[in-house]
Amino acid sequence: MKLLEQAIREKGTVLPNDVLKVNSFLNHQIDTELMIAIGKEFAHLFAQEGITKVLTIESSGIAPSFMAANELKSPLIFARKKKSLTLQDNVYTSSVYSYTKKETNEITVAKEFLNCNDTVLIIDDFLANGEAALGLASIVEQAGATVVGIGIVIEKSFQPGRNKLLQAGYRVESLARIESLSNGTVTFVTKNHL
Ligand code: G4P
Ligand code: NA
Ligand code: NA
């Protein structure tokens with residue numbers, strides 16, 4: 001997606017350890033026009049799938065998935081990472097290990113919001129190791145619902161996440177695919193070099 005690649009090129013900064021900082025439009029301050037365009041692109045890619053729920057994880061997945069859900073005329077569910085006072089019983093949970101933060105989060109979704117008739121699109125902001133997306137997919141499967149695909153805003157294609165999700169049988173659609181962050185430079189995957 002050209003608009004997104006342009007934002008990454010112009011506003012992203014490369015930090016040590018292959019981390020891309022995009023706090024000015026995605027992870028802290030949010031560019032709402034860009035999020036609307038991103039949501040429309042996801043909705044377009046998955047328009048034929050009969051999606052009944054969009055599922056993401058707090059906090060940074062919420063902005064890009066909101067407009068996708070709105071376009072698809074489906075509710076948006078965000079999995080909780082922190083224990084919630086009002087969300088304790090009747091929940092699906094999955095353990096998500098973050099390689100970046102070296103911590104495990106128990107992510108939770110209330111059973112009342114997912115059932116076996118649901119056709120679910122999973123969306124997240126970054127795909128690195130794939131643990132967050134696999135945790136969300138596990139929750140969908142615990143509900144007996146169907147994962148129709150995983151939409152990612154920024155994929156770090158040099159990390160193992162994409163292949164893990166493909167091997168698990170999921171359709172993955174990433175709006176920006178980064179081949180390398182070496183030498184402080186963002187290089188995107190080009191179509192003839194997948
Ligand atoms: P995974 O989700 O694919 O398994 O990857 P990982 O454990 O490595 O990622 C942990 C957190 O770091 C996730 O956010 C993920 O979105 C984020 N992340 C991974 N690589 C990058 C990067 O290069 N740049 C940025 N900005 N974030 C990255 P999170 O803990 O779920 O936080 P949030 O959603 O509350 O922001
Ligand atoms: Na994040
Ligand atoms: Na995230």
Side-chain angles (χ1 to χ4, degrees), residues 1 4-5 7-32 34-35 38-39 42 54-69 76-84 87 93-109 120-140 147 149-189:
M1 187 184 173
L4 174 61
E5 289 186 2
I8 293 169
R9 244 191 225 102
E10 290 173 3
K11 297 170 187 159
T13 48
V14 180
L15 303 184
N17 303 314
D18 284 336
V19 170
L20 176 68
K21 183 174 176 180
V22 286
N23 277 6
S24 69
F25 63 91
L26 181 58
N27 289 139
H28 194 18
Q29 174 172 264
I30 290 172
D31 179 336
T32 59
L34 181 59
M35 291 308 125
I38 284 169
F42 283 135
V54 175
L55 176 65
T56 189
I57 180 166
E58 65 176 347
S59 56
S60 299
I62 297 174
S65 55
F66 179 96
M67 200 60 190
L76 169 63
I77 306 164
F78 61 95
R80 299 286 190 98
K81 274 187 210 156
K82 299 244 163 64
K83 288 253 178 324
S84 160
L87 187 67
T93 65
S94 177
S95 296
V96 172
Y97 178 72
S98 167
Y99 289 88
T100 312
K101 295 179 179 171
K102 310 242 180 312
E103 64 182 27
T104 301
N105 283 300
E106 284 296 320
I107 67 168
T108 333
V109 172
V120 182
L121 170 61
I122 292 170
I123 291 181
D124 205 1
D125 59 338
F126 270 89
L127 175 60
N129 290 289
E131 296 298 311
L134 285 171
L136 292 170
S138 159
I139 281 177
V140 175
V147 177
I150 300 173
I152 298 292
V153 181
I154 303 175
E155 172 188 303
K156 293 159 85 180
S157 307
F158 54 90
Q159 290 189 228
R162 181 188 182 85
N163 280 335
K164 276 197 233 170
L165 299 182
L166 294 178
Q167 270 161 26
Y170 299 116
R171 174 182 170 196
V172 179
E173 297 287 352
S174 303
L175 303 188
R177 300 187 62 202
I178 294 177
E179 182 177 279
S180 159
L181 293 172
S182 301
N183 306 314
T185 306
V186 180
T187 308
F188 294 102
V189 174

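All ligand and atom numbering here is 1-based and tracks the order in the structure.
Residue contact check for ligand 1: G130 places a non-hydrogen atom closer than 4.0 Å to it. Within the structure, the closest approach of K21 to ligand 1 does not fall below 4.0 Å when heavy atoms are considered. Using a 4.0 Å heavy-atom cutoff, D125 is listed among the residues neighbouring ligand 1.
The contact set between ligand 1 and A132, taken as ligand atoms under 4.0 Å from a residue heavy atom, comprises 2 (O), 4 (O). Numbered from 1 in the order shown, with element, the atoms of ligand 1 that lie under 4.0 Å from a heavy atom of K81 read 29 (P), 30 (O), 31 (O), 32 (O), 33 (P), 34 (O), 35 (O). For ligand 1, the atoms lying closer than 4.0 Å to a non-hydrogen atom of V19 are 22 (C), 23 (O), 24 (N).
At distances below 3.5 Å, at least one donor-acceptor pair connects side-chain atoms of T185 with backbone N or O atoms of N183. Side-chain atoms of E179 never come within 3.5 Å of backbone atoms of V189 as a donor-acceptor pair (strictly under, hydrogens ignored). T56 contributes a side-chain N or O that, together with a main-chain N or O of I123, makes up a donor-acceptor pair within less than 3.5 Å. Listed for the K81 side chain is no donor-acceptor partner under 3.5 Å among the backbone atoms of I57. Under the 3.5 Å distance criterion, the side-chain polar atoms of K156 are left unmatched by any main-chain donor or acceptor of F126.
Between V22 and ligand 1, no N or O atom pair is found at a separation short of 3.5 Å. Inclusion of A128 in the set of residues having an N or O under 3.5 Å from an N or O of ligand 1 is warranted.
Residue contacts with ligand 1, taken as heavy atom pairs separated by less than 4.0 Å, do not involve Q159 at all.
Atom OD1 is the N/O/S atom of D124 found closest to the Na ion (ligand 3). Looking at D125, its N, O or S atom nearest to the Na ion (ligand 3) turns out to be OD1.
Shown here are the salt bridge (Lys or Arg N to Asp or Glu O under 4.0 Å) partners of R171, two or more places apart in sequence or in another chain: E49, E173. Remark: V186 pairs with I8, V14, L20, I178, L181, F188 by the side chain to side chain contact (heavy atoms under 4.5 Å, CB included) rule, at least two apart or across chains.
R177 and E155 are joined by a salt bridge, as a carboxylate oxygen and a charged side-chain nitrogen come within less than 4.0 angstrom of each other.
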